[in-house]
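Right, one structure below, let's go through it.
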Amino acid sequence: MNYWLVKSEPSTYSWDDLQKDKKTTWDGVRNYQARNNLKEMKKGDLLLFYHSNEDKAIVGIAKVSKEQFPDPKDKDWIAVEIAPERKLKTPVTLAQAKVDKKLSNMVLVKSSRLSVQPVKREEFDWIINLSEG
DNA sequence: GCCAACGTTGGC
DNA sequence: GCCAACGTTGGC
């Protein structure tokens, strides 16, 4: 079981949109590193759902409901399907992650532009702990 | 809205 | 294959 983080601008597609839709095709990724991460995703893997720009916070947990398939908009790229797992009780902000010793090595902090990134199990668990104690 | 950081493109 | 130019992302 692996853990990931995906980013979305809430004005484009928010956590609430995902909860409303019950599932969504995570397509439109046009970056090789991000694509490689998409390829690694297995059904049942958990994803942190991060709101960039407006919130700059991890707001929910989603899971991979369908493994890689061709991006419907461009067959040279791939997509996965994700479904909401649950909303975090309190969002964990980027500012929190930056100052937290356990999270300061996260890809989110180190390489902020990557839109699909791996998360370590310890990081994932600690984020849940920060959010829900 | 600005701009730094980074990835991609294309001329050589 | 190098690297300058360019476009995009995303924090501030």
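Protein chains get the first letters and strands the later ones, always in sequence-line order, with residue 1 at the start of each. Just so it is clear, the values below take in all heavy atoms, side chains as well, and ignore hydrogens, waters and symmetry mates.
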Practice task
Go through A:E81 and A:K43 one step at a time and tell me if the salt bridge (charged side-chain N to carboxylate O under 4.0 Å, His left out) criterion holds.
Solution key: CA-CA 9 Å; A:E81 185 191 88; A:K43 192 173 178 178; over 6 Å; no

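- Using a 4.0 Å heavy-atom distance criterion, A:L114 is classed as making no nucleic acid contact.
- Between A:W15 and A:Y50, the ring center distance fails the sub-6.0 Å criterion.
- Boundaries of the chain A contact region on DNA chain B are B:dA5 to B:dT8, first to last in 5' to 3' order (nucleotide atom under 4.0 Å from a heavy atom).
- Residue A:Q19 qualifies as enclosed at atom CD: its count of foreign heavy atoms under 6.0 Å is above 12.
- Remark: the A:D45 side chain and the A:W4 side chain contain an N/O donor-acceptor pair separated by less than 3.5 Å.
- Heavy atoms of A:K98 sit under 4.0 angstrom from primed sugar atoms or phosphate atoms, though from no base atom.
- The structure places CG of A:N37 at 11.0 Å from CG of A:L47, a figure rounded to the nearest 0.5 Å.
- Scanning all heavy atoms of the two residues, the minimum distance from A:D76 to A:R35 falls at O-NH1, 3.1 Å.
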Handout entry: Stepwise salt bridge (charged side-chain N to carboxylate O under 4.0 Å, His left out) test for A:D71 and A:R30
Key = CA-CA 10 Å; A:D71 187 324; A:R30 297 290 181 271; 2.9 Å; yes

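- Under the salt bridge (charged side-chain N to carboxylate O under 4.0 Å, His left out) criterion, A:E85 pairs with A:K63, not counting sequence neighbours.
- Listed by residue number, the members of residues 28-35 of chain A with any heavy atom below 4.0 angstrom from DNA chain B are A:N31, A:Y32, A:Q33.
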